[in-house]
Every structure is written in structure tokens, then in C-alpha cells.
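Labels below follow one simple rule: chain letters A, B, ... track the order of the sequence lines, proteins then strands, and each chain is numbered from 1. Since the model is a prediction, treat every value here as computed from it, not as a measurement.
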Number of protein chains: 2
Amino acid sequence: MAVQKSAAKRGRPRAYDPDVALARAMSVFWDAGYAATSLDDLRAATGMNRPSIYAAFGDKLALYRTLLDRYRETARSGMAQALAPEVPLREALARVYKAALALYLPRKADARGCFLIGTAVTEAARNAAVRASLAAGLKEIDAAFETRIRLAVDRGELPRRANAPARAKMASAALYSLAIHSRAGASRTELDAIVNAALDLICG
Amino acid sequence: MAVQKSAAKRGRPRAYDPDVALARAMSVFWDAGYAATSLDDLRAATGMNRPSIYAAFGDKLALYRTLLDRYRETARSGMAQALAPEVPLREALARVYKAALALYLPRKADARGCFLIGTAVTEAARNAAVRASLAAGLKEIDAAFETRIRLAVDRGELPRRANAPARAKMASAALYSLAIHSRAGASRTELDAIVNAALDLICG
DNA sequence: TGATTTTTGTACAATATTGCATAAAATTAT
DNA sequence: ATAATTTTATGCAATATTGTACAAAAATCA
């Protein structure tokens, strides 16, 4: 059940902004994970009451799946921007990792890592829909890296014999490592060392 | 509260084998994650009744932490064995990944990935003890890779200028990528491609 | 045999969680 | 103004979950 974007003409107006409510719900899932988040947590975070949440977003799983889709779109567009063809490869990859870390390490809150790695991986074992969304998200990330790396090979930024799919897989793996280490409480220095290791091995 | 290994001399004997019970409890957490596992799930899996579980292993968190420690020890010894100094570097790394995938993809059950990545990463955001254990586990894995790669540099298996800590970080990242993709339902072919990408970039 | 020890198994009280029923409130259409 | 529509807010019944109390069971010790 999707929330209509256009303001309804009839009836009592909504007391919440769907985008704000979704962002706040996402924050709760991001911290606690899917299973540890209760509808009462979501109610408290969004300021909505329980029936409004059900009416607007469906049950907990439906809401979570909506947020997974939103996150994938955010990640996709963020990567596309960071990997712009006019930026040199090493710098482009560095921009991806920098943007990722900005997302993984909120200034005012505890480190949380990546929404997919930090919450969907656990649920994926039992929930086929989450598993499918996670798999698709991972594929999108890898495809973005691979497209840009292939361009680098075509352009001569990398040796012609360089294996673009393989390097893309390692670029993705480094991103997941950042997500994991962020949530595990790693220092900025440790995270930067992972970034530099990835840049050196992929571009060097 | 640790379970005494030696058979107690007095009192009614235990109806369960602590090692078997721990293994079964681990399997439940591994599938469902920490938060989605209830004490009743653990009771059903272990065949123990609730007070026996509390008496033997403490509450859910204490039991989970015991299992985290056990897993870390399993991983540590498995890596030490796979990375034996007499085995060439590329083969040694391949052995690590092969052993990991054997653990991540049970023959008779659904893919589950790594216990740390699949269950502890989610909990790490809110639970400092889990976060610390996860961080220590990640460090152990990376240290095992780094020790073996440093040996390879010293021996001339890798160029003298090769950056052992950086390559170890990428070897670790590839392992985490396998854990994530396993749980996300990736095919054996996709997983093997990740292994080969890692071997080529780290050893090649 | 009877006392002591330890574990088991049942039961239960307290609390948490879910999903919905229902009435009131706030808006638009006529 | 009145009806119709949509959302809010309270509350509740059903169920799930936790941690422990208590008595019976199964062993050893004297």
C-alpha cells in the first residue's frame, strides 16, 4: 500500500510527512536491525500512531522492504555521482568510499555501517524477499564499480589486460569491509587504511 | 556461569551434552540472527528445558557471547591450518576460502554465511560486548592473513615492495564478501568468481 | 536405607508485541 | 449547514516472551 504523494483533497489531513516518517523509521531499523525493531519503536520514532503506520506503510516487513528499496536507490545514485566518468579512476573510487563512510558514521550518533550489510544480511537467511533485495543491491553496487573500471581499462587508465570484473569485485569487497568495520567500531584511521589498501591494489 | 566439563559426582546427571546443545543453539542463532531467536527456539533446538538453559549457559545474551567466542576459536584454528607456511601463498589463500565456503554453505540446509558477519554485525550497533567480540574476531582474521602474506614477502613469493598489511586487508575483505554473498543466496559460480578475483589481485 | 545434591519438567506471573476495532476529529463536496 | 471522506487516537484481545518458583526425579554419600 503506497502512500499517495499528492495531497488528498478530501478527509482529515495527515499529521505526518511520509518522507520524514520513512527516514525516522529507517534510522530505527538501521540501529537495531529488523528483528529487534518493534512497532512501538517505530511509533515512537515517527510520532505516528499504530493504525496510521499500518495504513501508510503496511506491516513491519512491508515498511522494511520499502526502506530497502529506498536505500538501494540512494546507494545507486550516490555511486553514479561519485563514479562520474570525468573523474580519474583512483579519485572516483576514493569518492565512493568517502561518501560511504559519511553515511556509515553519522556525526551525532553511533557508527551504523551500511543499511544493507548491517540489517539485511541477517534477515536474508530466513526471508526470501529480503534476500532477493539484498542480492539485487549487491549486484547494483558491483555493476557500478565494474562499469567505471571497464571504462578505465578502455581509456588506458589501467593496463589493457586488467580484469575489470575481478577488480570490481574487490572494490565491492572493500566497501563491504568498510561497512562491517564501521559497525564494529573501527577508528577512522583503520577505515582509511582499508580505503588506501583498496585504492592501491585496484588502481596500482 | 560455565558448564563444568568433568562429570559431576553428585546429583541427577545432565540429560544433555553441553557441546551438542551449544552446537544446536548456534545453528538457531546462525539462521535467525540474535534478535529473532527466542528462548523457546533454543529450547526446541537443544531439547533442554528453559531452567536448564539458564542454569547451564545463562540468559540469551550470555549464551550468544559464548558461541561468538567458540566461533572465533574455530575460525582462528581453521585459518591457521589452511595458511600453513609450507603451502604456497596462492594455494594457502584458496584453502582458507574453500574452508570458509564449506562452513557458509551447509550441504543439507540453506546458505548461512559467516556467523560473525551474519549475526554479530547487526547486534554490534547496540551491544558493546558483541561489538568488541566482533572487532576482535575481525582483527584475528586479518592478523592471520597478514602473518602469512608477510612471510610470502620475506620468502620472495611476492615482490619485496608488496604491502603485506594492505594485501591482508583485501584478503579479509574478500572473505567478508563471500560471507555476505553466501547469505544473499549467490551461486557457487558467483562465489568462485570472488575467490578467483581475490587470488589474482592479491597474489598476481 | 535415608540424607544430600543436582538436574529436570511443569507451571506461572509479568511483560512485550501484534494487528485491529471503534469513535472522534478534521477536512472537502454539495 | 450537512453529508461524505480520510486520518487520528485510544484501547483491547490474542499471542509471544522472559525469567523464575517449585516439586519430582536421579544420582552420590554416609
Just compare [options] and give me whichever is closest to any side-chain atom of [X].
X       : options                : answer
B:Arg50 : C:dG9, D:dT18, D:dG11  : D:dT18
B:Arg12 : C:dT10, D:dA25, D:dT18 : D:dA25
B:Leu39 : D:dT18, C:dG9, C:dG19  : D:dT18
B:Asp59 : D:dG19, D:dT8, D:dT10  : D:dG19
A:Pro13 : C:dT27, D:dG11, C:dG9  : C:dT27
A:Pro51 : D:dT10, C:dT18, C:dG9  : D:dT10

Mind checking the CD-CG spacing from A:Glu157 to A:Leu89? Nearest 0.5 Å is all I need. 5.5 Å
A:Tyr64 and ring-ring contact (aromatic ring centres under 6.0 Å, His included): which single residue from A:Trp30, A:Phe29, A:Tyr71, A:Phe57 fits? A:Phe29
Taking only N and O in the side chain of A:Arg14, is any of them less than 4.0 Å away from OP1 or OP2 of D:dT7? yes
Residue-phosphate contact under 4.0 Å: A:Ser52 side-chain N/O, D:dT8 OP1/OP2: yes
How close or far is atom [atom2] of [N] from atom [atom1] of [X], stated in whole angstroms?
X       : N      : atom1 : atom2 : value
A:Tyr54 : D:dT8  : OH    : P     : 16 Å
A:Arg10 : D:dA3  : CZ    : C1'   : 8 Å
B:Arg43 : C:dA11 : CZ    : C1'   : 14 Å
A:Ile53 : C:dC20 : CD1   : P     : 14 Å
B:Met48 : C:dT10 : CE    : P     : 15 Å
A:Leu63 : C:dG19 : CG    : P     : 12 Å
A:Tyr16 : C:dA26 : OH    : C1'   : 15 Å
A:Lys60 : C:dT18 : NZ    : C1'   : 10 Å

Result for 5'-nearest mapping on DNA chain D, choosing between B:Asp40 and A:Ala15, is A:Ala15
Under 4.5 Å between any side-chain heavy atoms of B:Asp19 and B:Arg70, yes or no? yes
Heavy-atom check, side chain of A:Arg72 versus side chain of A:Glu140, under 4.5 Å: yes
Could you walk me through whether A:Asp40 and A:Arg43 pass the salt bridge (Lys or Arg N to Asp or Glu O under 4.0 Å) test, one step at a time? CA-CA 5 Å; A:Asp40 206 56; A:Arg43 184 201 54 69; 2.9 Å; yes
